[in-house]
**Q** 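One structure coming up, written as structure tokens, with questions to follow.
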Amino acid sequence: MPTSKLPTNFHKLLVKDTVKLLKTSADTKNLNLGKTIHAHLIISNQTTPYHVIRTNSLINLYSKCGQIEIARRMFDRMLERNVVSWSALMAGYLHSGFPLEVFGLFKAMALEEVFRPNEYILATVLSCCSDTVLFIEGRQCHGYVLKSGLVFHQYVKNSLTYMYSMCSDVEGAMSVLNSVPGSDVFTYNSIINGLVEHGYLSEALEVLGRMAGEFVIWDNVTYVNVFGLCTGLKDLKLGLQVHNRMLKSNVEFDEFVSSAIIDMYGKCGEISMARSVFDVMQTRNVVSWTAMLAACLQNGCFEEALKLFFHMELEGIMPNEYTFAVLLNSCAGLSALGHGNSVHARAVKSGFKNHVIVGNALINMYAKGGNIESGSKVFSDMVYRDSITWNAMISGYSHHGFGKEALIVFQDMLAAEEHPNYVTFVGVLSACAQLGWVREGLYYLHQLMNQLDIEPGLEHYTCIVGLLCRAGQLDQAENFMRSTPVKWDVVAWRTLLNACHVHRKYQLGQKVAEIVLRMDDDVGTYILLSNMHAKAKRWDGVVKIRKLMRERNIKKEPGVSWIEIRNHTHVFVSDDNKHPEISQIYEKVRELLAEIKPLGYVPNISSVLHDVEEEQKEDYLSYHSEKLAIAYALMKTPPEAPVHVIKNLRICDDCHSAVKLISKVTNRVIVVRDVNRFHCFRDGYCSCADYW
DNA sequence: CTAGGGTTAG
């Protein structure tokens, strides 16, 4: 640092002046300037004997500049100390992240019995209690400041309310707020922050109401906290009000506030508002970019998230672990394994692969992309895991039809003493449903969840319906639905309807169909019903369904399948002839069908709507979008590469049996993600065991 | 003459 800034008569400085200069260097965190002064003091023999106030200033300097060891050495060498010596060092330890050292010093100080701790000491010690969530010590401090009267210092009151908030004692925090007069913006900020962080949202709202009623000027931290509260409450109206208030104030829209607003709008489903805040930001950091990417992700704009990342890179902003997590989850949303792989590689290269959120996102990406083996590899390589890690692996296995593996992971989770939660049991029960393990499923629902104090919800009950259906106990499933006091949604009824279709329970199916048709207008349901009637050769039923579709103006959603080859997406629509290589693709489909016919493939005519001319039916089946996509993938990828197809509807019976045989004759792994689950075709078999 | 409190993203 420029010594030229020092006074010319520097060598003759009085104690008063050195102290002032040292304070300036400490406040501006100018270590070089401080060291220069210190050096001068040493060479001019002014450091021995130790002058208390001057040494305090040096301790303060080194504490503030993150040189806590030097500060400690100076403290230890002092022959005489005062309260300031202690508090300067304690504050240093607090800010260097060693709160436990502070407690040690506090005890040593009390043992000397020379100084009474003052408000500075107590504010520092209370902050350490907040940082380490030491509630008992915090309450002891509360007792002390009450008896000594120190509680009436604003700093002490504020650190006390913050301590209670951080220890999630809402009542304690509120009682300090109410019993000690005088609250400033810090009091309110710290209490609202603590309440929001611990999920006491209605309490935070109440405190906010009181703050608004008093004359306290909001600062940027207030706004960050309050936007966080709106986010937690998912209260868009309140968010807009606060945003409006801020626009009228003089508070600067810095990175912190803007990121909080973007996050709030993103989570409230207002992506365009999020974007407009983002666009007018003066300077954007990783956090603001990641908040914007996350807003895209949460609103289903996965491609937009990936596109924005490209611009982020152009601006030279380096991604961090949160950015990678958002990107991977966007790839998961697109089932874009290729992009996901590249992001994975980048995360490894940038050194973020060992972060829990990245690992979790990787498992999710591979599971949703259809590559459960890679997901499992990531899982076993993870050094740190949380409950989300375990849940992602359990539900990943479950979606892929690996029920046993899912339950093994669940057992490992219990053994690792990670607490299962609501989501865990959705995965566990759907694994039981895959396996048709009725006894186990009911045990988990009635015994284990009860034991762990997890209230079962609709999703769990729906899994049980699926479980009973899988086991062929359709009447029990219906009984379960009638006897369980829960508001069933269309998903549960459709599960039962689907089972009627698979198990060919025509009577029950018609009964359930009436209920389902009263509840939703999903085109998939109509197709399922039409197929159910067709299977039973009840052509009148098929006609009725088609009439209903016309009446209700249900458009036949075309089947769409897509595949990713070298980061490029190819889309196929049933009976489509838009693809530039369509004639070669048709040729390939015919070739494949000819190959599997000797293995017993018989076109399943009942999958086709009945009013197609008989001789055309076989052609109709050949041109289902997943057949086109698979044929194209087989043409364009190396012989050992697995084929990944994503489809918007439920895969039909005919395609299912055709793809099984195609996997056999071509010796390929073919993974089809339909609207419900994954089908992994290998050597003539499918992971769904023909139940879907 | 010195020391103390609250910030964002899955």
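By convention in this document, chain letters (A, B, ...) are assigned in the order of the sequence lines, proteins followed by strands, and residues within each chain are numbered from 1. These numbers come from a predicted model, not from an experiment.
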**Q** For the side chain of I388(A), counting heavy atoms from C-beta on, which of dG10(B), dG4(B), dC1(B) is nearest?
**A**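 Closest of the options to the side chain of I388(A): dG10(B).
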**Q** Residues two or more places apart in sequence or in another chain: which of them pass side-chain contact (heavy atoms from CB on, under 4.5 Å) with D381(A)?
**A**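 With sequence neighbours excluded, D381(A) shows a side-chain contact (heavy atoms from CB on, under 4.5 Å) to K377(A), given in chain and number order.
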**Q** I need the CG-P distance between D254(A) and dA9(B), as an integer number of Å.
**A**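 Those two atoms, CG and P, are 13 Å apart.
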**Q** Tell me what A91(A) touches on the nucleic acid: a base, only sugar-phosphate, or nothing, going by heavy atoms under 4.0 Å.
**A**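 Contact class for A91(A): sugar-phosphate only.
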**Q** Measure the spacing between CG of L21(A) and CG of L41(A) and express it to the nearest 0.5 Å.
**A**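 One finds 10.0 Å between CG of L21(A) and CG of L41(A).
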**Q** For the side chain of K64(A), starting at C-beta, report the closest nucleotide among dT7(B), dG10(B), dA3(B).
**A**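 From the listed options, dA3(B) comes nearest.
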**Q** Strictly below 4.0 Å, heavy-atom distances to any atom of DNA chain B: list the hits from residues 199-214 of chain A, or just say none.
**A**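 Those residues: none at all.
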**Q** Please list, one pair per line, the donor and acceptor atoms closer than 3.5 Å that link side chains of residues 209-217 of chain A to other protein atoms, with sequence neighbours excluded.
**A**
residue: R210(A); atom: NH1; partner: N178(A); partner atom: OD1; Å: 2.7
residue: R210(A); atom: NH2; partner: N178(A); partner atom: OD1; Å: 2.9
residue: E214(A); atom: OE1; partner: Y188(A); partner atom: OH; Å: 3.2
residue: E214(A); atom: OE2; partner: Y188(A); partner atom: OH; Å: 2.7

**Q** Picking from dG10(B), dT8(B), dG4(B), which would you name as closest to the side chain of V287(A)?
**A**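 Of the candidates, dT8(B) comes closest.
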**Q** Over all heavy atoms of both residues, which pair between V52(A) and S85(A) is shortest? Give the atoms and the distance, please.
**A**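 Residues V52(A) and S85(A), closest heavy atoms: CG1-OG, 4.3 Å.
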**Q** Could you check whether atom CD of E303(A) has more than 12 heavy atoms from other residues, nucleotides or ligands sitting under 6.0 Å from it?
**A**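 Not buried by this count: 12 neighbours or fewer within 6.0 Å.
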**Q** For M109(A) and dG4(B), give me the distance from atom CE to atom P, rounded to whole Å.
**A**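 That distance rounds to 14 Å.
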**Q** Report, one line per pair, each donor and acceptor closer than 3.5 Å where one atom sits in a side chain of residues 284-292 of chain A; sequence neighbours left out.
**A**
residue: R284(A); atom: NE; partner: F278(A); partner atom: O; Å: 3.0
residue: R284(A); atom: NH2; partner: F278(A); partner atom: O; Å: 3.4
residue: R284(A); atom: NH2; partner: D279(A); partner atom: O; Å: 3.3
residue: N285(A); atom: OD1; partner: V287(A); partner atom: N; Å: 3.0
residue: N285(A); atom: OD1; partner: S288(A); partner atom: N; Å: 2.9
residue: N285(A); atom: OD1; partner: S288(A); partner atom: OG; Å: 2.8
residue: S288(A); atom: OG; partner: N285(A); partner atom: N; Å: 2.8
residue: S288(A); atom: OG; partner: N285(A); partner atom: O; Å: 3.1
residue: T290(A); atom: OG1; partner: V286(A); partner atom: O; Å: 2.6
residue: T290(A); atom: OG1; partner: T323(A); partner atom: OG1; Å: 3.0

**Q** How close or far is atom P of dG6(B) from atom CG of L229(A), stated in whole angstroms?
**A**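 Those two atoms, CG and P, are 20 Å apart.
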**Q** When you measure from the side chain of A88(A), which nucleotide among dA3(B), dT7(B), dG10(B) comes out closest?
**A**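 Of the candidates, dA3(B) comes closest.
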**Q** Which one of D219(A), N220(A), T161(A) satisfies the side chain to side chain donor-acceptor pair (under 3.5 Å) criterion with N189(A)?
**A**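 Going through the options one by one, the only one that passes is D219(A).
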**Q** Find the distance I68(A):CD1 to dA3(B):C1' and express it as a whole number of Å.
**A**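 Rounded to whole Å, this separation is 13 Å.
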**Q** Suppose we call two aromatic rings close when their centres sit under 6.0 Å apart. Are H243(A) and Y223(A) close by that rule?
**A**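 They do not qualify: ring centres at least 6.0 Å apart.
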**Q** Please state how far atom CE in M312(A) lies from atom C1' in dA9(B), giving the value in whole angstrom units.
**A**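 Spelled out: CE on M312(A) to C1' on dA9(B) is 11 Å.
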**Q** What contact category does H95(A) fall into here, base, sugar-phosphate, or nothing, at under 4.0 angstrom with non-hydrogen atoms?
**A**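 H95(A): backbone/sugar contact only, no base atoms under 4.0 Å.
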**Q** Where do R346(A) and E313(A) land on the salt bridge (Lys or Arg N to Asp or Glu O under 4.0 Å) test, with the steps shown first?
**A** CA-CA 13 Å; R346(A) 292 250 349 236; E313(A) 299 238 273; 2.8 Å; yes
**Q** Which pairs, with at least one residue in residues 162-185 of chain A and sequence neighbours excluded, count as a salt bridge (charged side-chain N to carboxylate O under 4.0 Å, His left out)?
**A**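 Output for this query is empty, none listed.
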**Q** If you take any heavy atom closer than 4.0 Å to DNA chain B, which residues from residues 262-275 of chain A end up in contact?
**A**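 Per residue number, the list reads D263(A), K267(A).
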**Q** Measure the distance from CG on L327(A) to C1' on dA9(B) and round it to the nearest whole Å.
**A**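 One finds 12 Å between C1' of dA9(B) and CG of L327(A), rounded.
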**Q** Any idea which of dG4(B), dA3(B), dG10(B) is nearest the N60(A) side chain?
**A**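 The answer is dA3(B).
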**Q** Just call it for K23(A): base, sugar-phosphate, or nothing, with non-hydrogen atoms closer than 4.0 Å on any strand.
**A**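 Here K23(A) touches the backbone only, sparing every base.
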**Q** If the condition is ring-ring contact (aromatic ring centres under 6.0 Å, His included), which residues does F75(A) pass it with, not counting sequence neighbours?
**A**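 With neighbours one apart ignored, the set is W86(A).
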**Q** For E321(A), what residues pass the side-chain contact (heavy atoms from CB on, under 4.5 Å) criterion, not counting sequence neighbours?
**A**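 So E321(A) forms a side-chain contact (heavy atoms from CB on, under 4.5 Å) with F352(A), H355(A), I357(A), V358(A).
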**Q** I need the residues from residues 117-156 of chain A with at least one non-hydrogen atom less than 4.0 Å from DNA chain B; give them sorted by number, or say none.
**A**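 Result for residues 117-156 of chain A: N118(A), E119(A), Y120(A), T124(A), S127(A), Q154(A), Y155(A), sorted by number.
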**Q** Give D184(A) one of three labels, base, sugar-phosphate or nothing, depending on what nucleic acid heavy atoms sit under 4.0 Å from its own.
**A**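 Base contact.
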**Q** Show me the side-chain donor-acceptor pairs of residues 125-141 of chain A shorter than 3.5 Å, one per line, residues at least two apart or across chains.
**A**
residue: S127(A); atom: OG; partner: A123(A); partner atom: O; Å: 3.0
residue: S130(A); atom: OG; partner: L126(A); partner atom: O; Å: 3.0
residue: T132(A); atom: OG1; partner: C128(A); partner atom: O; Å: 2.6

**Q** Rounding to an integer number of Å, can you tell me how far M90(A) CE sits from dA3(B) P?
**A**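 Result: 15 Å.
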**Q** Tell me which nucleotide among dG10(B), dG6(B), dA3(B) gets nearest to the side chain of S87(A).
**A**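 When the side chain of S87(A) is considered, dA3(B) is the closest of dG10(B), dG6(B), dA3(B).
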**Q** Taking only the side-chain heavy atoms of V326(A) (C-beta and beyond), determine which of dT8(B), dG10(B), dG6(B) contains the nearest atom.
**A**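 The listed nucleotide nearest to V326(A)'s side chain is dG10(B).
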**Q** Above 12 or not: heavy atoms from other molecules or residues under 6.0 Å from CZ of F152(A)?
**A**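 Counting other residues, nucleotides and ligands, CZ of F152(A) stays at 12 neighbours or fewer.
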**Q** Ignoring hydrogens and geometry beyond distance, is the side chain of N320(A) in donor-acceptor contact with the base of dA9(B) at under 3.5 Å?
**A**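 Looking at the base of dA9(B), it does pair with a donor or acceptor on the side chain of N320(A) (distance under 3.5 Å).
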**Q** Taking only residues two or more places apart in sequence, or in another chain, which ones meet H142(A) in a ring-ring contact (aromatic ring centres under 6.0 Å, His included)?
**A**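 Here the qualifying residues are Y164(A).
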**Q** What are the residues of residues 217-228 of chain A, sorted by number, that bring a heavy atom to within less than 4.0 Å of DNA chain B?
**A**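 Hits under 4.0 Å, by residue number: D219(A), V221(A), V224(A).
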**Q** Measure from CZ on F75(A) to P on dA3(B) and round the result to the nearest Å.
**A**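 One finds 16 Å between P of dA3(B) and CZ of F75(A), rounded.
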